[in-house]
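Quantities reported herein were computed from a predicted structural model and do not represent experimental measurements. Only this structure's heavy atoms are used, side chains among them; waters, hydrogens and symmetry mates stay out.
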Amino acid sequence: MRISQGLHSTVLFMPFSDVCNLFSCFQNLCHSPFSEKTLSESIVRKSKVSQALVTLLMTTQDVSLHLNTIHILEHIASSSNSKCTRLVRQGAPHALLRSIAATSRVRPLLEELCIRQHLLLLKLAVKEKKLALKARLCGVVTVTLDLAKQCINNIDLSTPLLQVLKIYASNSSNSVSLVKNGVLNLMERYFSLYGKQNIAVFRHALDLYTQVLSFRSNASKAASSGATRKMLDLYVYWTDMDKLQKFIQVRKSILNSVKHLVGNESGRKALIKSDGIAILYATAKQSDEMKQEIQRNCTSNQMDFKVRCTNSTGPQELFKKTGSEQQAANPNGKAIDNLALTCSQIIRKSMPKLCLPIPSLHG
């Protein structure tokens with residue numbers, strides 16, 4: 001049986017039982033169809049084989065073998081929570097991080113392999129609470145950020161990269177490192193490149209931006225570089241474009257970023273200087289008027305209550321119909337309330353002594 005050259009140095013220093021497991025696993029990988037359910041189940045049942053897969057993930061240099069190994073590990077991680085936990089205990093996240101670092105040095109970039117690696121990392125991150133710390137120790141944080149810079153036009157690769165970067169940014173040290181390496185400017189490029197054309201990538205970039213700004217030091221640096229005005233302009237753009245109220249959650253995420261930015265004095269001054277108080281007050285008032293309109297629609301839809309009483313078979317069916325119709329008539333009522341509440345919180349943070357409502361801003 002032939003094995004890849006990168007496997008020899010590891011096999012020489014392994015116990016005989018581990019070598020047998022590794023060779024058996026390699027033989028299954030090379031000669032068995034990976035689409036068959038029986039092979040995946042047999043590998044899942046044997047913890048020693050899954051440990052051999054983790055070792056193979058760190059050592060192999062063959063691209064096809066690497067992809068097949070990740071495919072089987074993905075199946076194991078997706079099969080159940082206990083098996084995903086077992087992979088984490090066997091060191092799969094550390095092996096995968098080392099694999100990502102090695103793959104990033106290969107030119108030309110192996111896009112398919114990078115996508116599968118980061119998708120597997122997202123599945124393992126559910127059970128690995130210290131993934132952000134391990135990524136920093138392995139030096140993978142900047143590697144993933146560099147990949148996001150190189151593949152900004154690749155939608156398939158950008159999505160898992162942004163999701164993984166958000167997990168990295170949950171650690172304060174990683175978040176500061178990302179800001180130093182230009183993650184804020186990169187996210188602004190994503191904002192300008194993606195939008196309504198690809199709302200999924202835009203939301204992932206916006207979530208990462210908000211996660212980075214949740215740390216006070218990063219928010220202070222961003223506010224000093226003019227991020228408050230940029231996010232306010234972005235909010236105005238999405239508010240004007242969202243006439244049908246389909247992207248309320250996107251507007252809410254933008255407001256959360258502004259809320260982090262006004263947590264320091266420079267952000268509050270920038271918001272007041274850019275007339276942000278009047279803009280937020282106007283949008284909050286517009287949201288309240290829209291909610292009242294929705295409530296009027298709900299009231300008008302209840303005018304046929306007596307008619308439905310005569311046609312209903314019982315009170316349970318009657319109230320079930322009434323509740324479903326109210327929900328259909330008011331699908332975004334709670335989201336609109338949250339939007340107006342966030343606007344009022346930002347106004348209160350920026351001008352704590354200002355009385356609401358503001359008569360001077362009614363125009």
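In this structure the side chain of C343 reaches within 4.5 angstrom of the side chain of Y235, judged on heavy atoms. Between L280 and L271 the shortest side-chain heavy-atom distance falls below 4.5 Å. A 4.5 Å side-chain heavy-atom check between I167 and L122 finds at least one atom pair inside the cut-off. Side-chain contact between L147 and L157 is absent, with no heavy atoms from C-beta onward closer than 4.5 Å. Here the side chains of T228 and L232 are not in contact, with every heavy-atom distance at 4.5 Å or above.
One finds a salt bridge joining R229 and D233 here, because a Lys/Arg side-chain nitrogen approaches an Asp/Glu carboxylate oxygen to under 4.0 Å. Under 4.0 Å is where a charged nitrogen must lie from a carboxylate oxygen, and between K269 and E265 at least one such pair does.
When all heavy atoms of D242 and R251 are compared, the closest pair comes out as OD2-NH1, 3.1 Å. Considering every non-hydrogen atom in both S224 and S266, the closest pair reads OG-OG, 4.0 Å. Contact record, E188 with K230: OE1-NZ, 3.2 Å, taken as the closest heavy-atom pair. Between A205 and M187, the shortest heavy-atom distance links the atoms O-SD, 3.6 Å. Closest approach of K123 to A77, counting heavy atoms only: CB-CB, 4.3 Å. In this structure, S177 and T142 approach most closely via the heavy-atom pair OG-CG2, 4.3 Å.
Interatomic distance, I199 CD1 to Y194 OH, rounded to the nearest 0.5 Å: 13.0 Å. We find the OG1-CD distance between T85 and E128 to be 10.0 Å, quoted to the nearest 0.5 Å. Taking SG from C114 and CG from L119, the interatomic distance works out to 11.0 Å, rounded to the nearest 0.5 Å. We find the CD-CG distance between E112 and D156 to be 11.0 Å, quoted to the nearest 0.5 Å. Taking CG of N198 as the start and OG1 of T159 as the end, the distance is 6.5 Å to the nearest 0.5 Å. Rounded to the nearest 0.5 angstrom, L208 CG and R203 CZ are separated by 14.5 Å.
Linking Ile, Leu, Val, Met, Phe, Trp and Tyr whenever their side-chain heavy atoms come within less than 4.5 Å leaves V126 and I76 in two separate clusters. Cluster annotation: I155 is connected to F191 through the hydrophobic network of ILVMFWY side chains, with a link wherever side-chain heavy atoms come within less than 4.5 Å. Note on L131 and L137: separate hydrophobic clusters, where clusters join Ile, Leu, Val, Met, Phe, Trp and Tyr whose side-chain heavy atoms are under 4.5 Å apart, directly or indirectly. There is no path of hydrophobic side-chain contacts, each under 4.5 Å, that joins V176 to L165.
A side chain to side chain donor-acceptor pair (under 3.5 Å) with R116 holds for exactly one of E111, H71, E74; it is E74.
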Identify each donor-acceptor pair in which a side-chain atom of residues 91-99 lies under 3.5 Å from a protein atom, sequence neighbours left out, and give them as a table.
residue : atom : partner : partner atom : Å
S99     : OG   : H66     : NE2          : 2.7
S99     : OG   : Q117    : NE2          : 2.8

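Checking side-chain atoms of N171 against main-chain N and O of A132 turns up no donor-acceptor pair under 3.5 Å.
Looking at residues two or more places apart in sequence or on another chain, you find a side-chain contact (heavy atoms from CB on, under 4.5 Å) between I152 and L186, R189, Y190, L193. With sequence neighbours excluded, the residues that form a side-chain contact (heavy atoms from CB on, under 4.5 Å) with T342 are K252, L255, N256, I346. With sequence neighbours excluded, no residue forms a ring-ring contact (aromatic ring centres under 6.0 Å, His included) with Y168.
Evaluation of the side chain to side chain donor-acceptor pair (under 3.5 Å) test over residues 206-219, restricted to residues two or more places apart or in two chains, returns S175-N218, T210-S257.
Applying the 4.5 Å side-chain rule to ILVMFWY residues, one finds that L341 remains a lone member of its cluster.
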Run K83 and L87 through side chain to side chain contact (heavy atoms under 4.5 Å, CB included) and show every step you take. CA-CA 6 Å; K83 291 164 186 174; L87 284 178; over 6 Å; no
